[in-house]
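Side-chain atoms are counted along with the backbone in the values below, which use heavy atoms only and exclude waters and symmetry mates.
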Amino acid sequence: MARRNTFEVDEDLESPFNARHLKRAMVYIRRHTKKMGLTLLLSAAASVSGLLGPTLLRWTVEDAIPGENLPLLALLAGCYLAATLLGILFTSIRARIMARVSQQIIFDIREDLFAHLQRLPFSYYDSRPAGKILVRIINYVNSVSDMLSNGIVNLILEIVNILFIIGFMLFTSPVLTLFVVGGLPFFVAVVWFIKPRQRKAWQEQSNKASNMNAFLAENIDGVRVSQLFARQQTNITVMERLSQAVRRCWLRAVFLANWVWVSSELLTQIVLSLLYIAGVYWLSGSSQAELGVLLAMALYLKSFWQPITNLANIYNGFVNNIAYLERIFETMDEPVEVADCENAAELPQIKGGVFFQNVTFAYEPGINILENLNLSVSAGQSVALVGPTGAGKTTVVNLISRFYNLTGGAILLDGGHDISRVTLRSLRAQMGIMLQDSFIFSGTVMDNIKYGRLDATDAEAEAAARAVQAHGFISEMEKGYFTEVNERGSRLSQGQRQLVSFARTLLADPRILILDEATSSIDTKTERLLQEGIAALIAGRTSFIIAHRLSTIKHCDRILYIGDKQVLEDGSHDQLIAKKGLYYQLYMAQVWGAPVI
């Protein structure tokens with residue numbers, strides 16, 4: 001389980017360059033090997049086309065102009081134009097291909113990451129802010145995809161460019177080539193000094209941006225609570241602090257990055273000046289260099305430093321993105337604690353019998369919530385779970401749904417199907433679960449009701465809504481069932497959201513129905529109507545109902561009082577009232593205000 005994280009905590013991005021992560025990422029690169037190879041050839045062709053220009057200029061100055069050879073001048077001009085156009089064409093095709101490759105890599109990584117996130121346990125999301133998860137899916141994936149596509153191609157290309165440029169310079173003038181490469185040791189020293197600091201600055205900026213995103217996501221989600229407690233100014237102050245941190249780190253990172261470019265430009269001008277001085281000296285002396293040679297070398301000089309600067313930036317990008325890549329793989333490596341076992345079987349249509357056999361469960365090792373729990377529920381029975389907060393009522397229904405793995409024991413359906421040995425999909429397809437937090441997705445009311453059963457007809461969805469008394473308020477909305485309800489159902493009251501969620505659950509036609517505080521936000525009048533729908537819908541289904549409002553569970557077949565990691569009382573409402581035990585005390589305390597002993 002990942003360590004606890006908040007928007008105040010920086011992620012650890014100080015990972016050394018680890019080729020293992022890059023090797024692991026090759027699975028995404030190998031899918032596009034042919035396209036990347038083609039772009040490399042196109043880039044090399046574009047580079048050669050661009051490097052022909054100085055040589056053509058040299059021939060123009062040395063041969064065409066002095067000899068007043070107009071046909072040769074026209075030919076050289078045509079060749080120069082053709083080389084330029086070819087360079088543009090090759091570069092454009094290469095950019096188009098790489099854009100597609102880059103976006104496909106983004107798609108592949110993000111799809112794999114999202115698919116894994118859908119399977120991670122609830123504990124993963126409890127341990128970190130949603131904003132920091134979004135940073136990994138969006139920011140880190142975008143950054144890494146460019147490294148995996150353009151970065152690798154550009155790395156090879158820049159090395160090839162340097163070799164091409166050196167070859168053209170040696171062909172033009174071996175002696176003057178020494179002046180061009182003479183400044184290289186100084187540039188390497190500058191890069192060697194700046195790059196570690198630049199990497200650290202960009203990582204710090206990424207951390208601060210991640211913290212700001214986490215704070216934003218949290219406050220957008222909790223804006224109603226913020227306004228309720230008049231926290232706006234405090235939140236603005238925190239946001240200003242986080243934004244200033246992002247701004248400060250970004251400016252420092254850019255400042256350091258610009259020093260590489262400044263150093264490159266400065267050394268280019270110094271070496272160019274020395275080249276002109278040397279060229280003039282030789283032109284006026286032994287004439288070892290012609291004017292055309294000097295002009296060509298000056299152009300090659302400007303081309304020589306650019307790929308070296310690019311290599312420095314590519315290296316820095318690799319080092320930075322390896323840390324991001326590690327965070328992506330860290331998320332992908334989060335264990336899926338609840339998954340299909342090897343050779344898991346499809347659960348056939350069940351009647352709904354549920355049997356707990358010596359079930360023990362702990363959220364944290366050594367702290368058991370349930371111990372050696374034995375329970376037998378026949379198919380079609382309605383069972384209510386009551387007891388003090390934290391006794392394990394919700395845990396019981398979560399274990400039936402297999403949201404968590406058991407610490408010990410087994411849960412069997414119909415007496416013979418161990419839920420740990422069947423596929424999760426076939427298990428949950430026969431369960432209808434409504435939690436206390438009624439989550440409504442963006443879309444229409446109809447979309448939300450059909451969320452768990454996409455093949456349902458509109459008539460079936462409406463019938464489910466009528467059964468839970470949701471049809472009345474839905475039909476009064478401007479577009480009825482096709483009214484947009486916005487993200488998290490912001491247009492609906494809490495009670496209306498629960499009714500829509502209840503219709504969604506019932507439409508799935510489950511064999512086992514689980515209601516966890518399903519009526520907590522429904523007014524008393526609506527609740528009386530809802531009970532009629534519940535009575536009809538739980539008929540023939542095994543149902544587990546958790547409700548602190550005991551009036552809603554009086555008519556259940558059985559009521560289980562959960563406490564001390566066990567079932568302490570079991571019976572109908574009348575039986576438990578007559579027993580005058582724990583349930584009797586709880587009921588009297590709620591009805592008459594009597595103290596619970």
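Side-chain contact of Tyr404 with Thr395: a donor-acceptor pair under 3.5 Å is absent, judged by distance alone.
Within the 4.5 Å cutoff, no side-chain heavy atoms of His555 are placed close to those of His573. Side-chain atoms of Gln575 and Tyr583, non-hydrogen and from C-beta on, never get closer than 4.5 Å to each other. Side-chain contact between Val354 and Ile400: present, with at least one pair of heavy atoms (C-beta onward) separated by less than 4.5 Å. Using a 4.5 Å heavy-atom threshold, the side chains of Leu216 and Met239 count as touching. By the 4.5 Å heavy-atom criterion applied to side chains, Leu568 and Asp564 are counted as neighbours. When side chains are defined from C-beta on, Lys351 does not count as touching Arg511, because their heavy atoms never get closer than 4.5 Å. Here the side chains of Tyr481 and Asn448 are not in contact, with every heavy-atom distance at 4.5 Å or above.
Of the options Thr394, Ile411, Leu373, Thr407, a side-chain contact (heavy atoms from CB on, under 4.5 Å) to Leu399 is made by Ile411 and by none of the others. The side-chain contact (heavy atoms from CB on, under 4.5 Å) test with Leu370 is passed by exactly one of Leu406, Leu375, Val396: Val396. Of the candidates Ile512, Leu513, Ile514, Ile433 forms a side-chain contact (heavy atoms from CB on, under 4.5 Å) with just one, namely Ile514. Screening Thr457, Val445, Thr444, Leu507 against Lys450 for a side-chain contact (heavy atoms from CB on, under 4.5 Å) leaves a single residue, Leu507.
Counting heavy atoms of neighbouring residues, nucleotides and ligands inside a 6.0 Å radius, atom CZ of Arg425 does not exceed 12 of them. For Phe356, the CZ atom sits in a packed shell: over 12 heavy atoms of surrounding residues, nucleotides or ligands are nearer than 6.0 Å. More than 12 non-hydrogen atoms from other residues, nucleotides or ligands lie less than 6.0 angstrom from OH of Tyr363.
Nearest heavy atoms, Met477 versus Leu492: CE-CD2, 3.9 Å. Nearest heavy atom pair, residue His32 against residue Gln104, reads CE1-CG, 3.2 Å.
Rounded to the nearest 0.5 Å, atoms OG (Ser382) and CD1 (Ile553) are 10.0 Å apart. Rounding to the nearest 0.5 Å gives a distance of 10.0 Å between NE2 of His417 and OG of Ser426.
Comment: Arg453 engages Asp455 in a salt bridge, judged by a side-chain N to carboxylate O separation of less than 4.0 angstrom. The pair Lys208-Glu204 fails the salt-bridge criterion, with no side-chain N (NZ, NE, NH1 or NH2) lying under 4.0 Å from an Asp/Glu carboxylate O.
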